*Asks:* 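There's a structure below that I have some questions on.
It should be emphasised that the depicted structure is a prediction, and the values quoted were computed from it without experimental measurement.
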Amino acid sequence: MNRKMKQDTKTLTVNLICQVEGSQRLHSLRALMLSDYGLKDLPADILKHMKSIKTLDFSRNNLTTFPEVTLKTLETLDISENNIDSIDFVKNLPNLKQLMVEGNPNIQTSHKIEAVLKCPSLMKIDGDDLDSIHRQIQHIKEKWKLQVQAKFEVLYEDRFTEDMSEEEFQKAVSEFKAIVRSDDLFASANSETEKIIIEQLVTEVAEEVHSGRHFRSDVQTPRTPRSARLSRKLSATSPKTSATTPKRNKSRNHSSLLDSPTLKMPQSPISPISTPHNRKRRRDSDQGELTQKSKRDRKYSPLTWMVRKNTVVDHDLISLPSVPDYDPVYFLRCHSEGNDPSDEVTKVWRCAFEPSIEDPEKTTNMLATCGGQTVCLIDCNTGKVMKRYKDSNKYECFYTMAWTTVQLNNNRKEKTNLLAVAGQSADIKLIHPSQFVMYATLEGHRKYVSCLTFHPNHPTILFSGSNDRKIIIWDIGIPNMRDYTVLFKKLHVLQAPDTDALNLVLSMPSQTLLAGCEDSCFGWKADNINKISRDPDYQFYLPTVSSDGESNVSTERETVDGLAALKNGYVVNKCVGDDIISVWNVKDQLSNNDRAHKRKVKAHIRSVGVKPAALLHYTTQDVDYINMGTNKEMMVVGDDSGNLRLYNVNELTNRKSKSCDDIMRPSRVLEWPEIAEGPMKQFCQKEVVIVNSACVSHDGEYVACGTDNNLVCVWRQIRDSSEEEMMLD
């Protein structure tokens, strides 16, 4: 056909096919090459008769659409250099292997992703393999899958029964799909591609439930914890944890070790204890480890304060009021990678008791723990893991968590607890504990997140500290309990000078935000969140102790790896390498410095020399990232030998603040229990245990800790028989 005839051609006809291919038998046609014919229209009535077609070439024409026609045998389609603006037609080409679409101005990468989703048989687009596109699809799936599963558990559960027929099941799934299509949360999908993936995920989750795979423990796809009925089904097929009761090395035997038939013993001895230089925050990181100077290596100016030259002996210590004794009742290994009970590598970084909804000043007996990819909710009364969230990102390692209690928008009297967790991925995940649904992700930090805390008076205001040397203030909003839609926003970004925050505390009497950092302790005026300054207002110089027992202030930079709030404006802090823990009142320190000489560290940063109200004796060690826990009357902290030190600080925080150089011994030390027999014997060797964090319930009934060798340990207060009878009455 000459060029003029080609230019006059506008529509595909049978005569044109006959002229090009020499045959009008469309049903036997295997290839049709019509490149550069000026075609604008491809009638579906002609294409539908091509029952054997394998190759179509309509490149370099003027097509704007490809017809909605099913071609089951088509394997190669070239529509490059046209004006196609939609790729939806590929859903009708079930065996298409190669697609050429380059040169269509309106076809973007998202269209290619859409093509792969709608036509799974595709192997190449524009001559390229689809590896990069499949990676993008997997990334989008990870973004949405947990939210789809969460909605499925919340909205679908009531419609699911074990004896429902196939027809009833399909009807329920269709109803759920309709709910998802009209849902506000999924309306926020950024593209048609994301909406397609969401619908596919709805179908996948429904099919998993229908086939029973959604409940099986050997399915390792990330998923949210089950609702109550589904949890029972899961626990019947695969116990995830082994709860055992170790025995204290005491004359009285209040508890015994329960052997777990599911516990697998390790094939090799437990590895030696990690040194401080091996305890790095970054998991599987190629970056250099964080190294800490020991007290032996630090040099102090003769004009400032001296380190204590002689170790304080026991008889030099002042006694604190006593606290009750505790027995270890449950040791659990519930953060294992791959649910392997012999996993001794995963670290349990934080633990925190859930607040009471009726009175957030009190706690329940539910304990949240985080470490590795997992967040667990444990009932301390029974030692059972009630709920478990596993993140879909296999590189995630959760380092920190914080609870808050919010008032729901739709009911002024109804409240709910929310849990924020964060770690290696730099994203903050918000979890609703009743279903353990991860309903929102806060993205803002560039490196791992070390600490989280909520504002005591504004429960939706969250502070997060990161290795990117930023502290971000968020308003996490209040979720809609029906579908977990929520509006959250980033309010402010604070800058920690040349360091990163390890712990954050809001001291309310002074309206001050404190940050215990790698290189010092800083503070921001927080009386008005909307006007908080970017740079800190204060740098706090923390005390050391000289040979004569006097507390003084060091100008050396300290790694403040322990910082916690007590009542009446007091805080307690611990520095790496120090064997002294300081108790001080923030408001009083700031007031005293207002009357004293004001020395600037940097522009707008005022130095504050801390004079402690009390000094608590600890233990000498160089292990970092050991966090403290407090309630109104007690502080608890672990060490590198598996011990827990309990301090009764009630009297200290009730008295008027004044400088004190007396060093006070712990009210009680709970030693790591000796295990004489049973499956936990090799897991509980004293020399291999570092306690990363500890916490105490509001009434002191329970003390809990997380360790470096992947254990959650629960200790219960020992009561005499009369006390137990009174509690039962």
Side-chain angles (χ1 to χ4, degrees), residues 308 311-328 351-353 363 503 505 507 514 516 542-545 549 551 560-576 578-586 610-621 623 626-655 657-672 691-706 713 715-718:
R308 186 173 58 254
T311 304
V312 175
V313 295
D314 190 66
H315 60 73
D316 293 328
L317 303 179
I318 306 299
S319 296
L320 281 172
S322 64
V323 298
D325 197 4
Y326 288 78
D327 257 351
C351 55
F353 284 96
T363 62
N503 284 283
V505 164
S507 179
L514 298 178
L542 302 172
T544 61
V545 180
S551 67
V560 185
D561 69 332
L563 182 67
L566 302 172
K567 64 182 179 180
N568 298 329
Y570 282 86
V571 296
V572 58
N573 79 267
K574 177 180 72 68
C575 298
V576 175
D578 280 353
D579 58 358
I580 293 296
I581 295 173
S582 300
V583 180
W584 46 286
N585 189 291
V586 181
V610 172
K611 295 291 185 180
L615 299 171
L616 309 179
H617 188 249
Y618 183 49
T619 180
T620 303
Q621 61 178 31
V623 176
I626 293 183
N627 296 286
M628 302 179 290
T630 62
N631 63 13
K632 288 188 174 182
E633 298 183 356
M634 188 162 60
M635 188 271 286
V636 58
V637 61
D639 61 19
D640 59 355
S641 299
N643 302 323
L644 292 174
R645 285 169 168 75
L646 278 56
Y647 303 85
N648 187 334
V649 294
N650 187 43
E651 291 184 5
L652 297 178
T653 54
N654 281 333
R655 72 188 187 189
S657 176
K658 60 180 181 179
S659 179
C660 176
D661 293 324
D662 292 334
I663 302 175
M664 303 179 179
R665 65 165 58 92
S667 301
R668 185 175 296 277
V669 177
L670 304 179
E671 296 183 350
W672 186 254
V691 177
N692 292 323
S693 67
C695 62
V696 57
S697 60
H698 81 281
D699 55 0
E701 175 72 11
Y702 290 101
V703 171
C705 67
C713 312
W715 302 65
R716 182 162 52 205
Q717 187 180 132
I718 298 173

*Asks:* Quick check: closest heavy atoms across His698 and Asn631, and the distance to 0.1 Å?
*Replies:*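 Scanning both residues, the minimum pair turns out to be O-ND2, 3.4 Å.
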
*Asks:* Would you say the side chain of Val583 lies within less than 4.5 Å of the side chain of Leu566, judging by non-hydrogen atoms?
*Replies:*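 Leu566 vs Val583: side chains touch.
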
*Asks:* Answer yes or no: is there a side-chain heavy-atom contact under 4.5 Å between Arg645 and Ile581?
*Replies:*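 Contact flag for Arg645/Ile581 side chains = no.
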
*Asks:* So, for Gly516 and Leu563, which heavy atoms are closest and what is the spacing to 0.1 Å?
*Replies:*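 Closest heavy-atom pair between Gly516 and Leu563: N-CD2, 3.5 Å.
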
*Asks:* Which heavy atom in Lys611 sits nearest to a heavy atom in Trp584, and how many Å separate them?
*Replies:*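 Heavy atoms of Lys611 and Trp584 come nearest at O-CB, 4.3 Å.
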
*Asks:* Has Arg668 got a side-chain atom pairing as donor or acceptor with Val323's backbone, closer than 3.5 angstrom?
*Replies:*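 Such a contact is found between Arg668 side chain and Val323 backbone.
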
*Asks:* Roughly how far, to the nearest 0.5 Å, is the CG atom of Asp639 from the OG1 atom of Thr619?
*Replies:*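 Separation between the atoms: 6.0 Å.
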
*Asks:* Compare every heavy atom of Phe353 with every heavy atom of Ala704, then report the nearest pair and how far apart it is.
*Replies:*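 Residues Ala704 and Phe353, closest heavy atoms: CB-CZ, 4.2 Å.
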
*Asks:* For the backbone of Pro612 and the side chain of Ser582, can you confirm whether one donor and one acceptor N or O come within less than 3.5 Å of each other?
*Replies:*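 No: the side chain of Ser582 does not pair with the backbone of Pro612.
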
*Asks:* Measure the spacing between CG of Leu616 and CD1 of Ile580 and express it to the nearest 0.5 Å.
*Replies:*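 Rounded to the nearest 0.5 Å, the CG-CD1 separation comes to 8.0 Å.
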
*Asks:* With rounding to the nearest 0.5 angstrom, report the CD to CG distance, Glu671 to Leu644.
*Replies:*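 The CD atom of Glu671 sits 11.0 Å away from the CG atom of Leu644.
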
*Asks:* Can you tell me how far the CG atom of Asp325 sits from the OG atom of Ser667, to the nearest 0.5 Å?
*Replies:*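 So the gap between those two atoms works out to 12.0 Å.
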
*Asks:* Of the non-hydrogen atoms in Ser322 and Asn648, which two are nearest, and what is the gap between them?
*Replies:*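 Looks like O-ND2, 3.2 Å.
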
*Asks:* Is any side-chain heavy atom of Cys575 less than 4.5 Å from a side-chain heavy atom of Leu542?
*Replies:*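 Sidechains of Leu542 and Cys575: in contact.
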
*Asks:* Donor-acceptor pair, distance only, cut-off 3.5 Å: does the side chain of Tyr647 make one with the backbone of His617?
*Replies:*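 Yes; judged by distance alone, with no hydrogens or angles, the pair exists.
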
*Asks:* Which one of Val691, Val637, Val576 satisfies the side chain to side chain contact (heavy atoms under 4.5 Å, CB included) criterion with Ile626?
*Replies:*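 The side chain to side chain contact (heavy atoms under 4.5 Å, CB included) with Ile626 is passed solely by Val637 among Val691, Val637, Val576.
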
*Asks:* Could you check if a side-chain atom of Arg716 sits within less than 4.5 angstrom of a side-chain atom of Asp327, using non-hydrogen atoms only?
*Replies:*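 With C-beta onward as the side chain, the pair stays apart.
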
*Asks:* Please determine whether the number of non-hydrogen atoms from other residues, nucleotides or ligands lying under 6.0 Å from atom NZ of Lys567 exceeds 12.
*Replies:*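 For Lys567, atom NZ is crowded (more than 12 foreign heavy atoms under 6.0 Å).
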
*Asks:* Just verifying a value: how many Å separate Asp561 CG and Asn627 CG, rounded to the nearest 0.5 Å?
*Replies:*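 If we round to the nearest 0.5 Å, Asp561:CG and Asn627:CG are 7.0 Å apart.
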
*Asks:* Are the side chain of Asn650 and the backbone N or O of Thr653 linked by a donor-acceptor pair below 3.5 Å?
*Replies:*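 The answer is no, because no donor-acceptor pair under 3.5 Å joins these two groups.
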
*Asks:* Could you tell me the separation between the OH atom of Tyr570 and the OG1 atom of Thr630, rounded to the nearest 0.5 Å?
*Replies:*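 Tyr570 atom OH to Thr630 atom OG1 measures 15.0 Å (nearest 0.5 Å).
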
*Asks:* Stepwise, does the side chain to side chain contact (heavy atoms under 4.5 Å, CB included) test hold for Leu652 with Leu320?
*Replies:* CA-CA 9 Å; Leu652 297 178; Leu320 281 172; 4.0 Å; yes

*Asks:* Which atom names give the shortest non-hydrogen contact between Met628 and Gly562, and what distance separates them?
*Replies:*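 Minimum heavy-atom contact is CE-C, 3.3 Å.
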
